[in-house]
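Structure, as structure tokens:
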Amino acid sequence: MTKVLVLYYSLHGNTRQLARHIGRGIEQVDSCEAVLRTVADISTLTTMTATSQPATAFDPIVTHDDLKQCAAIAMGSPVRFGNMAAPLKHFLDSTSSEWLSGTLIDKPACVFTSSSSLHGGQETTLQSMMLPLLHHGMLIVGIPYSEPLLHTTHHGGTPYGASHVNNGTNKQLHPDEIALAQAIGRRLATTACNLNG
């Protein structure tokens, strides 16, 4: 099985919903498995042991071994002032050994996000998550305009990655957002399989 890591941070559950649908898209590709992982909240890092995780975590906490074992990464965070959330950045800052060893070089990656307003910084957040992945030598996969919904959606979804807009009335993902999340999951998994030959 080709393992695709879906790594995310989610405070209110919106980014987690996107992660689930990206995972479903990944598993629509033959012999691909989505491995969902989250990161520890910074406030719990000082009290956690190596095997514990916060009570709010719905998926296991990511380990550095997950990075070594995956063939690709989908990475997601809610928008925080036009940037990724601190817990995800904190984990990425701990990946110097993977950078030095080239663990992630030539592995494909995509990014996803959620915000509380349409112009709340989604595109800059998606781009901010790409930067450390590029430093790791990863190959960034977006959503091409061959996806018809990208032309018509009035909800989430950008060429930079999957997204969700939660303005307080639409906490559940819109069907367009679900379709685009699954599309980028399929594209990421297909790319990983093609690169692994």
*Qualifying residue for salt bridge (charged side-chain N to carboxylate O under 4.0 Å, His left out) with R37, from D65, D66, D59*: D66

From [X] atom [atom1] to [Y] atom [atom2], the distance as rounded to the nearest 0.5 Å:
X: N83; Y: Q127; atom1: CG; atom2: CD; value: 11.0 Å
X: L173; Y: N14; atom1: CG; atom2: CG; value: 7.5 Å
X: R24; Y: Q28; atom1: CZ; atom2: CD; value: 10.0 Å

Is any side-chain heavy atom of [Y] closer than 4.5 Å to one of [X]?
X: N166; Y: H12; result: no
X: M129; Y: L88; result: yes
X: T125; Y: S115; result: no
X: I22; Y: Y8; result: no
X: E147; Y: L180; result: yes
X: T38; Y: I61; result: yes
X: M130; Y: Y160; result: yes
X: L36; Y: F58; result: no

*Could you work out the complete set of other residues in the hydrophobic cluster of L139, with links drawn between I, L, V, M, F, W and Y side chains under 4.5 Å apart?*
L195

With the 4.5 Å side-chain cut-off for hydrophobic clustering, are [X] and [Y] part of the same group?
X: V79; Y: Y9; answer: no
X: F91; Y: L134; answer: yes
X: V35; Y: M1; answer: no
X: L11; Y: M75; answer: yes
X: L126; Y: I140; answer: yes

_Within a 6.0 Å radius of atom CG on D30, are there more than 12 heavy atoms belonging to other residues, nucleotides or ligands?_
no

*More than 12 foreign heavy atoms under 6.0 Å from NE2 of H154: is that the case here?*
no

_Ignoring hydrogens and geometry beyond distance, is a side-chain donor-acceptor pair present between D176 and T153 at under 3.5 Å?_
yes

*asked:* Does either side chain, that of H155 or that of E177, offer a donor lying less than 3.5 Å from an acceptor on the other one?
replied: no

*Do T113 side-chain atoms and S77 backbone N/O form a donor-acceptor pair below 3.5 Å?*
yes

*Let me see the working for E123 and T158 under side-chain hydrogen bond (donor to acceptor under 3.5 Å, both in side chains), right down to the final yes or no.*
CA-CA 8 Å; E123 292 183 347; T158 78; 5.0 Å; no

*In sequence, state the C-alpha distance, the side-chain angles, and the governing distance for T2 and S31, and then conclude on side-chain hydrogen bond (donor to acceptor under 3.5 Å, both in side chains).*
CA-CA 6 Å; T2 300; S31 73; 4.6 Å; no

*asked:* Checking E98 now: which residues fulfil side-chain contact (heavy atoms from CB on, under 4.5 Å) with it, not counting sequence neighbours?
replied: H64, L67, K68, T95, T103, H136

